[in-house]
Amino acid sequence: MLFNSRIKKYAYRDIKDIYSAIGTTPDGLSSGQIELMRKKYGKNGFSERKNNTILYRLRRAFINPFNIILLILAIVSLMTDVLLTSNFSRNSTTALIIFTMIFTSGAIRLIQELRAKNTADQLDRLLHANATVKRNGELLEIPVEELVVGDLVLFFAGDSIPADIRLTRAADLFISQAAITGESDILEKNSQTKHPSESEPLTQFENLVFMATTIISGKGEGIVLAVGKETLYGSFIKPDTEIKNSFQKGANSIALVMLRFMAILIPIIFVVLGITKGKWLESFVFSLSVAVGLMPEMLPMVINACLAKGSLSMSKKQTIIKDINAMQGFGSMDVLCMDKTGTLTNESILLEYYMDILGNENAEVLNFAFLNSSYHSGVRNPIDNAILACRSMPGREIYYKNLLDRYRKVDEIPFDYTRKYVSTLVENVDGTYQLIMKGDIRQVFSRCSHIEYKGKFFPVDKNGIESVYSVVNEMLQDGMKVIAVARKNVGYQQMITSVDENNMALIGYLAFFDAPKTTARDSVTALRKLNVTPKIITGDQAAIAVSVCRRVGISVTTVLTGSELDEMTDMQLSIAVECTNVFAELTPTQKVRLVSALRNNGHTVGFLGDGINDIPALNEADVGISVDTAVDAAKDAADVVLLEKDLNVLEQGILEGRKTFTNMLKYIKITASSNFGNIFSIVCASAFLPFLPMTSIQILLLNLLYDILCIVLPWDNVDQKETFFPRDWSGKTLGRFMLAFGPISSLFDIITFLFLYYFLCPLLCGGTTYMNITDPSMQLKYISLFQTGWFLESMWTQVLILHFLRTSKIPFLQSRPSVPVIFITLAGTIAFTCITFTKSATLFGLSKLPLWYFVFLLIVALLYMLFTTVAKYFYQKKYQELI
């Protein structure tokens, strides 16, 4: 790539030549150069990404399986009702109603998309820290988005590299490139000019650092060579690829079920009407209207209203939803993977003991650990903070100040998530050099060839590791975090490499108390009640993890370590993850493998992480969850950001996600089954009636009015029972639900048909049935009365079925709808019924019915409720669920 070649070119050139070629100086850019550089090389951002544009949001809002189906039906309706008919019989009402549905649902989705974009933009502004730059000889703090090519940038441990940079200075600079390579290896960087003869990948160039990588330790300074989409990181971004598409898969699954029903019913209706009525074009148009009647037209609108309401509720509960579709993950999550530190235990830990190799208190061990923690330039962690806190003890300030004066830092090899230890080289005032190592007991001991006790050195025997654990095992079992400290005199050596970390002498241990949070046990219990299995995935020692998990109530019957995991095949691991809840001593790559194994087993997996080493697993999980105190790269990778690292907050998110999905599924299943019942009734009636039981416009109007009432569903109450289990977002159970409850609706439709055809309509049309009427105007009146009667019965029963199927309990008595649902459905039913008494009713072919007809409707409604209650009982008995 062009920018790659430019960056390589500068890696091979001296720093002075780079200053000259780019047009900058060691004092940085001048004020007049900044805007010129921005125009020439671009901005340091990704605002031009397709998934951040209005066009992309419009596509997400309007293009979905349901809208595509409706659009096709609208176009066909325009052709059959307008283009292919005479001027006298043209009627574009059907198409206009369909287009209105598409526009309304799309507009609501677009509003939510723009809100989601705004939320993401606000979070981006929180994530993107300032950068320290030198301009006109002065150090300035500016937003990273304002960086330009040629800027001289300074950075320190913990910073995220804001652009692709050629180093001009580096001091013990170690970089994690996990964000661009996916590997957890830590690389040391320097400012030395490379030779063109050296052949290696761009990411391995020691004098280059890249956007989105993270400084583990040290500090550096460099010249910006590329910004924004011209960086190596920018070239990796695939803006129009939606990696986590489980929500879309679920929507497609539901649409596929509806299409299958349509594929069966449309030809049947078309053939039946064509044969019985002889009007094939009219039959074709009506069969298409039936297809529209079967589809829950406002599904996108109701879905987005539910998601938006859920996202708003979660924002009030200390949770930022970066994409409203992430609510799907909360509703479906049945496994939560997390580290114990900061989640089950407190962020800070306390230093309890400092011991020699036999477990006796030893201040020298603490001194060497203090020097290591003071001088290593990596990101501070709870262990370092606990060690350094000892200098604040009364009477110890001067002692530790003198200790730092006695030893000065010379070199270091930073902490590595694979190595699990950190090494620091210090110089004593007497001119000798000490290499100090501290970290994981097993890993540090593997580098030791001797042990030191009271100033004497003894070789490690073959049972050395067992001897070590005989000293620290009791503390580990008590839940303490124990690390080892080793040292080695390296004479006058002023630089160290990994080779120097061999033949160390173990001098002792430090033990820290990592107390569980007071709320941890209750939080774990709450997750279990929600049927979410908590799994601890940590890099800590197994004994510590077991102790903490035992205290908070997580099963420790089986524990799997990283080394054991590496020996397993994928098949063995897929079995092991089901019966194991504690995984310890893991590397970042092993965490990803565990999450992947759980997902392959059919689980919806959430992963809670806050460190650089958690990023691969955050990307792999169905729902990546981070916290506002996490590193920027982890928050960028997450789908959800918690403003408080507490399982109670997460529990509320899961509950809100399940409530959201329950209300979405209510609309989908109830509307689809009711629509199916109506359509099935039409099939039956069309075979025997000499006219259409309902016009296409009336079917569309009925669905539109019903859908308007359903907009209130996101604010409905949800039975507590419905939140006990993960919600399945798919169409797997939709078909059986439609077949179970749709025919009940058809039964009462047919009863209404018979009443209307043989009693009400003849009574109001001269006492004779339709077949014996010769007056065309009277025939039209007969048809209009019949269609109005069924229109009202369909509307009443649809609203009633909404209340009876929204809960598995007895409605109104054991489970009450929310006040908005009661008010809107009641007011809507009254208002829409009143339409038939107005002059506007004639626009839709409806007529005024006598008041006594509503007594019949009430009887039908009561019987319908009774039959539905009985069917609901047997359905739940068979399938153990309703919605």
Side-chain angles (χ1 to χ4, degrees), residues 64-66 105 246-258 261 294-311 313 324-334 530-531 604 622 654-677 706-707 709-742 798-799 801-809 811 815 817-818 821 825 868 871-872 875-876 878-883:
N64 59 66
F66 304 104
S105 61
S246 55
F247 183 88
Q248 188 61 40
K249 287 180 179 178
N252 291 341
S253 172
I254 293 168
L256 184 60
V257 172
M258 304 305 299
F261 275 88
L294 185 62
M295 287 291 294
E297 296 88 355
M298 290 299 177
L299 178 59
M301 180 174 64
V302 174
I303 285 177
N304 284 289
C306 287
L307 292 175
K309 195 266 181 182
S311 298
S313 298
I324 59 175
N325 286 351
M327 291 295 296
Q328 183 267 341
F330 273 116
S332 303
M333 185 194 307
D334 63 339
L530 294 175
N531 285 279
T604 299
D622 293 288
I654 294 170
L655 280 171
E656 199 61 50
R658 291 184 182 178
K659 289 177 182 178
T660 297
F661 264 143
T662 299
N663 284 334
M664 285 163 49
L665 291 171
K666 284 178 188 176
Y667 171 77
I668 295 169
K669 289 190 172 183
I670 296 172
T671 304
S673 65
S674 181
N675 288 354
F676 171 68
Y706 173 75
D707 285 334
L709 298 182
C710 288
I711 293 299
V712 77
L713 273 181
W715 288 266
D716 189 20
N717 295 331
V718 175
D719 295 340
Q720 188 178 17
K721 175 185 175 183
E722 300 295 338
T723 64
F724 287 163
F725 296 92
R727 308 301 305 179
D728 181 31
W729 177 236
S730 73
K732 287 191 295 186
T733 62
L734 177 59
R736 78 183 186 199
F737 191 93
M738 293 169 65
L739 292 173
F741 295 100
Q798 275 192 308
V799 174
I801 202 68
L802 177 65
H803 283 283
F804 270 74
L805 292 182
R806 59 165 288 278
T807 174
S808 59
K809 300 179 180 180
S815 175
S818 65
V821 170
T825 53
T868 300
K872 186 169 72 172
Y875 183 89
Q876 291 181 95
K878 182 176 181 178
Y879 298 112
Q880 308 302 314
E881 67 173 10
L882 181 64
I883 296 298

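The figures here come from the full heavy-atom set of this structure, side chains too, leaving out hydrogens, waters and symmetry mates. This structure is a prediction, so every number in the text was calculated from the model and none was measured.
Residues Lys872 and Ser808 form no side-chain contact, since every pair of their non-hydrogen atoms from C-beta on lies 4.5 Å or further apart. Side-chain atoms of Asp622 and Met333, non-hydrogen and from C-beta on, never get closer than 4.5 Å to each other. Side-chain atoms of Leu805 and Lys669, non-hydrogen and from C-beta on, never get closer than 4.5 Å to each other.
Rounded to the nearest 0.5 Å, atoms CG (Leu665) and OG1 (Thr660) are 11.0 Å apart. To the nearest 0.5 Å, the span separating NZ on Lys878 from CZ on Arg736 amounts to 8.5 Å. For the atom pair CG (Asn663) and CD1 (Ile668), the distance works out to 11.0 Å, reported to the nearest 0.5 Å. Interatomic distance, Leu882 CG to Lys721 NZ, rounded to the nearest 0.5 Å: 8.5 Å.
Nearest heavy-atom pair across Ser332 and Pro726 is O-CB, 3.4 Å. Considering all non-hydrogen atoms of both residues, Lys666 and Asn717 come closest at NZ-O, 3.0 Å. When all heavy atoms of Trp715 and Ser818 are compared, the pair lying nearest together is O-OG, 2.8 Å.
Scanning for ring pair (Phe, Tyr, Trp, His ring centres under 6.0 Å) contacts around Phe724 gives an empty result, with sequence neighbours left out. Not counting sequence neighbours, the partners of Gln798 by the side chain to side chain donor-acceptor pair (under 3.5 Å) test are Ser674, Asn675. For Tyr875, the ring pair (Phe, Tyr, Trp, His ring centres under 6.0 Å) criterion is met by Phe737, Phe741, Tyr879, not counting sequence neighbours. Listed by chain and number, the residues in a salt bridge (Lys or Arg N to Asp or Glu O under 4.0 Å) with Arg806 are Asp716 (sequence neighbours excluded). Taking the side chain to side chain contact (heavy atoms under 4.5 Å, CB included) definition, one finds that Lys809 meets it with Asp719, Thr807, Gln814, Ser815, sequence neighbours left out.
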Check the pair Ile801, Ile670 against side chain to side chain contact (heavy atoms under 4.5 Å, CB included), reporting the backbone distance first and the verdict last.
-> CA-CA 7 Å; Ile801 202 68; Ile670 296 172; 3.8 Å; yes

Gln720 and Thr723: side chain to side chain contact (heavy atoms under 4.5 Å, CB included), yes or no, with the steps?
-> CA-CA 5 Å; Gln720 188 178 17; Thr723 64; 4.2 Å; yes

